Amino acid sequence: NAGVTQTPKFRILKIGQSMTLQCTQDMNHNYMYWYRQDPGMGLKLIYYSVGAGITDKGEVPNGYNVSRSTTEDFPLRLELAAPSQTSVYFCASIHLVGAFFGQGTRLTVV
Amino acid sequence: DQQVKQNSPSLSVQEGRISILNCDYTNSMFDYFLWYKKYPAEGPTFLISISSIKDKNEDGRFTVFLNKSAKHLSLHIVPSQPGDSAVYFCAASFGNEKLTFGTGTRLTIIP
């Protein structure tokens with residue numbers, strides 16, 4: 001049972017480039033989330049999904065897009081990377097009252 | 001608007017003593033509270049939770065207390081061990097919806 005898998009673990013992007021952060025869970029959870037964590041800050045919710053085909057904005061959605069075509073996958077897309085998007089990104093899936101997190105993607109935009 | 005607050009960014013405790021981490025919230029609709037532990041370069045891992053219908057939940061060395069009237073919860077770790085050194089996040093949810101996290105407290109256990 002792999003839980004929540006995020007790829008890549010590290011990435012350096014140039015300003016204006018685009019990329020997709022992948023997130024897959026094998027626990028058949030409906031709720032999935034994308035958070036970012038900036039140094040000294042808590043986890044801020046970017047986007048979330050309550051099931052396949054349903055997504056909604058969190059606290060800090062600007063500059064990001066998501067899709068949820070299957071229960072397992074919840075990719076996060078950055079279209080025009082900006083230095084303000086330098087952060088560590090965590091994907092999570094939630095069942096009942098616990099959240100399972102991926103190991104994180106450290107993204108640097110230069 | 002920070003709905004979940006952890007006002008102490010860091011805490012140092014002697015090994016064997018009690019560690020107390022605090023968390024305050026402002027949204028009275030929150031009905032479930034959780035604590036997560038995070039080591040460097042890893043995702044947060046679930047530690048312990050408490051429903052708003054309870055005021056205490058215990059799991060081994062970890063106990064979470066909830067004071068609804070004060071909108072305050074705390075995590076007690078006793079006895080503290082070196083492996084407990086990590087960043088601890090409290091989180092709150094309402095109706096199984098999205099989790100709102102605090103900013104975290106870095107706990108350092110001094111041998």
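Per chain, numbering begins at 1; letters A, B, ... match sequence-line order. The shown structure was predicted, so the numbers you read here are calculated from the model rather than taken from an experiment. The analysis underlying the following values was restricted to heavy atoms, covering all of them including side chains, and did not include hydrogens, waters or symmetry mates.
- For A:Tyr35, the part sitting under 4.5 Å from any heavy atom of chain B is the side chain, from C-beta outward, and nothing else.
- For B:Arg61, the CZ atom counts as densely surrounded, since its 6.0 Å shell holds more than 12 non-hydrogen atoms of other residues, nucleotides or ligands.
- With rounding to the nearest 0.5 Å, the separation of CZ in A:Phe90 from NZ in B:Lys38 is 4.0 Å.
- Put simply, A:Val60 and A:Leu107 are part of the same group of oily side chains (I, L, V, M, F, W, Y) that touch within less than 4.5 Å, one to the next.
- Linking ILVMFWY residues whenever their side-chain heavy atoms come closer than 4.5 Å, directly or via other members, places A:Val50 and B:Leu99 in the same cluster.
- For B:Ala91, no part sits under 4.5 Å from any heavy atom of chain A, backbone or side chain.
- The hydrophobic cluster containing A:Val88 also contains A:Leu45, counting ILVMFWY residues as joined when their side-chain heavy atoms lie under 4.5 angstrom apart, directly or transitively.
- B:Tyr36 places a side-chain N or O within 3.5 Å of a backbone atom of A:Ala99 that can act as its donor or acceptor partner.
- Contact annotation for A:Lys9: neither backbone nor side-chain heavy atoms come within less than 4.5 Å of a heavy atom of chain B.
- Cluster annotation: A:Trp34 is not connected to A:Phe101 through the hydrophobic network of ILVMFWY side chains, with a link wherever side-chain heavy atoms come within less than 4.5 Å.
- With a 4.5 Å cut-off on non-hydrogen atoms, A:Leu43 touches chain B through its backbone and its side chain both.
- Within residues 62-71 of chain B, no residue has any heavy atom closer than 4.5 Å to a heavy atom of chain A.
- If you chain together hydrophobic residues whose side chains sit under 4.5 Å apart, A:Tyr31 and A:Tyr48 fall into the same group.
- With a threshold of 4.5 angstrom between heavy atoms, A:Gln6 does not approach chain B through any atom at all.
- In the hydrophobic clustering, A:Val110 connects to A:Ile12, either directly or through intervening members, whenever side-chain heavy atoms lie under 4.5 Å apart.
- Applying the side-chain contact (heavy atoms from CB on, under 4.5 Å) rule to B:Gln6 yields the partners B:Cys23, B:Trp35, B:Phe89, B:Cys90, B:Thr103, B:Thr105; only residues at least two apart in sequence or on another chain are considered.
- For B:Pro44, the parts sitting under 4.5 Å from any heavy atom of chain A are the backbone and the side chain alike.
- To the nearest 0.5 Å, atom CZ of residue B:Phe101 and atom CD of residue A:Gln37 are 9.5 Å apart.
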Show me, pair by pair, the donor-acceptor contacts under 3.5 angstrom made by side chains of residues 76-86 of chain A, not counting sequence neighbours?
{"from": "A:Arg77", "atom 1": "NE", "to": "A:Glu79", "atom 2": "OE2", "distance (Å)": "3.2"}
{"from": "A:Arg77", "atom 1": "NH1", "to": "A:Thr20", "atom 2": "OG1", "distance (Å)": "2.9"}
{"from": "A:Arg77", "atom 1": "NH2", "to": "A:Ser18", "atom 2": "OG", "distance (Å)": "3.2"}
{"from": "A:Gln85", "atom 1": "OE1", "to": "A:Ala82", "atom 2": "N", "distance (Å)": "3.0"}
{"from": "A:Gln85", "atom 1": "NE2", "to": "A:Gly63", "atom 2": "O", "distance (Å)": "3.1"}
{"from": "A:Thr86", "atom 1": "OG1", "to": "A:Pro83", "atom 2": "O", "distance (Å)": "3.1"}
{"from": "A:Thr86", "atom 1": "OG1", "to": "A:Val109", "atom 2": "N", "distance (Å)": "2.9"}

